[in-house]
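Proteins come first, then strands; the chains are lettered A, B, ... in the order of their sequence lines, and each starts at number 1.
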Amino acid sequence: MILWGIIIGMLAFALLAGGIVYFNLRYQKQILQKQNELHKKESEHRLELLKTTIEITEKERKRIAGDLHDEIGAHLSTIRMLLNNFKNKSGSASEVEGLAEESKSLLDNTISSVRIISHNLLPPGLEKFGLVNTLEDLCSSLRASTSFTVELNVQDDFPPLDKSIELALYRIAQELTTNSLRHAKSRNMLMALTYNDSLISFVFEDDGVGLDEKSLSQKKGLGLLNIETRTLALNGKCTFTTAIRKGFKATIEIPG
Amino acid sequence: MIEFFFRVGPWLVIVPLLIALMGFKKASLSYRIIFWYLVASTVSQIIAFSLWYRSMNNMPVGHIYTILEFGLLGYFYRSLIQSRFYKKLIIYIITGFTLFSLINLFFLQSIFEFNSYPASLCCFFMIVFAFIFIVKSSTLITSKDSLDFSTLSIINSGFLIYFSGSLILFAGDHYLQNETRNIYMTVWSLHLFLLDLLYIFLTVGLSRNLKS
C-alpha cells in the first residue's frame, strides 16, 4: 500500500512539476513573441520618424529656395534692371529721382522679405528674450491676423530652458497652431507651459473639428510626426488626445 | 533490465559534464556552478559505483554528496538573485542545512543507511527555489553573472521535475526497507529515470548556451 503510495506520489509530483514547467515555458514563449513584435513595431516607427525628418527637411529647403527665388531673386533682378536704366538714362533730374525712389522701395521690400524669411527660419526673439516671450509674440501675431482667441498660460516661476528645448517647443507650438488654423477650423486655442519635478510640460488645446483617434494611432500626418520626432529627440513623450468634433489636445513632456 | 539500467543510467551525467566543460572558459558564474555540480555528481557516482562493485556499502557517499549538492545548487540560485537580502538568506539556509546534515550523520541516521532526512529537506528547498525562479524571474534575475534566460528556464525546469519526483521517494525510503530487493530496485529505478531526465534538461540547456 505504502509502496504504491510512494510510486504514485513520485509520478504525480513529477507530472505536476512537468505540467508547471510546460505551461511556464509556453507563457515565456508568448511573452518573448510579444516582445519581439513590440521591438519590430518600435523599429518601424523609428524608421518612419527618420523618413519624416528627411522629408520635412527637404520640404523646408524647397520652401526657402522658393522664397529666395520668388521674393529676393525677383526684387534684386528688378533693382538691377532699374540701375541699368539709371546708368543709361541721361534724362531730367525728376526721372532720375523717380528711378532712385523705385530702386529704394524695391530694396526696402527685399530687406523686409529677407527679414521675414529669416524670422521664419529662426525667430530672433527666442535667443534674446526666451521661449515665453517668443510664444507670447506668436500668440499676439495670431490674434492680430485672425479672429481666434489664443490664450497662453505660463507657470509663474517657469525657468529659462536649454536653447535646444526652447527651439523645439517653439517649433511644436508653431506646428500645432498652423495645423489648428489650416485644418481644425477652430475658434479658440489654449497653450499651457509648466515646470514641475524637472519635467517640462507643454499642453496645446483647440476646439476644432478634431481627428479620428483610431486612424491617428495608425497613421499620423507629417506635422504630427514632426512633433513626435522633436519630442523623442529630447527624450520626451508626446500624447495626442482627439475625437471627431471634440477638438484636439497635445501634451508634450520633456525632461528638463 | 533494471540491473542494466542501474549500471548504465547514472553515467548519462558525462554528457552534460562534457558540454559544460566545453564552455567553461568564457562561462558566467552560474554556468561554472552547474559545471562543478556535474563534477560532484560524476565523482560521487564513480565512488558509489566502485564501492558497490566491491560489494561495499556506498551510503556514506550519499551523505557527503547531499551536502555538496545542496551547497552548489543553493549557490547557483543565489548567483541569479540581485537582492542582497535574499543572497544572505540563502547563505544562512546553506549553512543551516550543512549543520543539520552533520547532526543527522552523527546523531540521527547511521552513515551506512540512506540519509532520507537531509535528502528530503534538500528536495523541499530546491522545489521552493525552482518555484521562486519561475514566479519571480523577471524581477530577481541578474544578467551580469547568470546564463541567459532561456538556458536558465530549461535548467530550472529539470531541477523542478527531478526534485519534485524524488521528494516522495526520499521521504518514504525507510518504508521500502521491508520490501523485496526487486521492488526496492524498481522504485529506485524511477529515481534514476528522473535523474537521467535532469541530465537531459541540463544537456539541452547547456548546449543552447554554447550555441549562443
Open item on the list: Looking at B:Phe193, I want to see if its CZ is surrounded by more than 12 non-hydrogen atoms of other residues, nucleotides or ligands under 6.0 Å.
Closed with: no
Open item on the list: For B:Tyr117, I'd like to know if atom OH has over 12 heavy atoms of other residues, nucleotides or ligands within 6.0 Å.
Closed with: no
TODO: Report the option among B:Ala171, B:Ser166, B:Ala130, B:Ser153 that has the most heavy-atom pairs separated by less than 4.5 Å from atoms of chain A.
DONE: B:Ser153
Task: Top contributor to chain B interface from A:Leu11, A:Val21, A:Leu16, A:Ile7 [non-hydrogen pairs under 4.5 Å] - done: A:Val21
TODO: Counting only heavy atoms closer than 4.5 Å, note whether A:Ile31 contacts chain B via side chain, backbone, both or neither.
DONE: neither
- [ ] Please check if atom CH2 in B:Trp36 has more than 12 non-hydrogen atoms from other residues, nucleotides or ligands closer than 6.0 Å.
- [x] no
Open item on the list: Can you tell me if A:Lys163 has over 12 outside heavy atoms packed within less than 6.0 Å of its NZ?
Closed with: yes
Open item on the list: With a 4.5 angstrom heavy-atom cut-off, is it the side chain or the backbone of B:Ile127 that approaches chain A, or both, or neither?
Closed with: neither
TODO: Answer yes or no: does atom CZ of A:Phe13 have more than 12 heavy-atom neighbours from other residues, nucleotides or ligands under 6.0 Å?
DONE: no
Open item on the list: So which atom in A:Met10 and which in B:Leu169 form the shortest heavy-atom distance, rounded to 0.1 Å?
Closed with: SD-CB, 3.5 Å
TODO: Pick one of side chain, backbone, both or neither for A:Ile20, based on which atoms fall under 4.5 Å of a heavy atom in chain B.
DONE: side chain
Open item on the list: With a 4.5 angstrom heavy-atom cut-off, is it the side chain or the backbone of B:Leu194 that approaches chain A, or both, or neither?
Closed with: side chain
Task: B:Phe131 portion near chain A, given a 4.5 angstrom heavy-atom threshold - done: side chain
Task: Whether over 12 other heavy atoms sit under 6.0 Å from A:Phe158 CZ - done: yes
Task: Contact leader toward chain A among B:Ile161, B:Leu190, B:Leu167, where contacts are heavy-atom pairs under 4.5 Å - done: B:Ile161
Open item on the list: Heavy-atom count check: over 12 atoms from other residues, nucleotides or ligands less than 6.0 Å from B:Phe49 CZ?
Closed with: yes
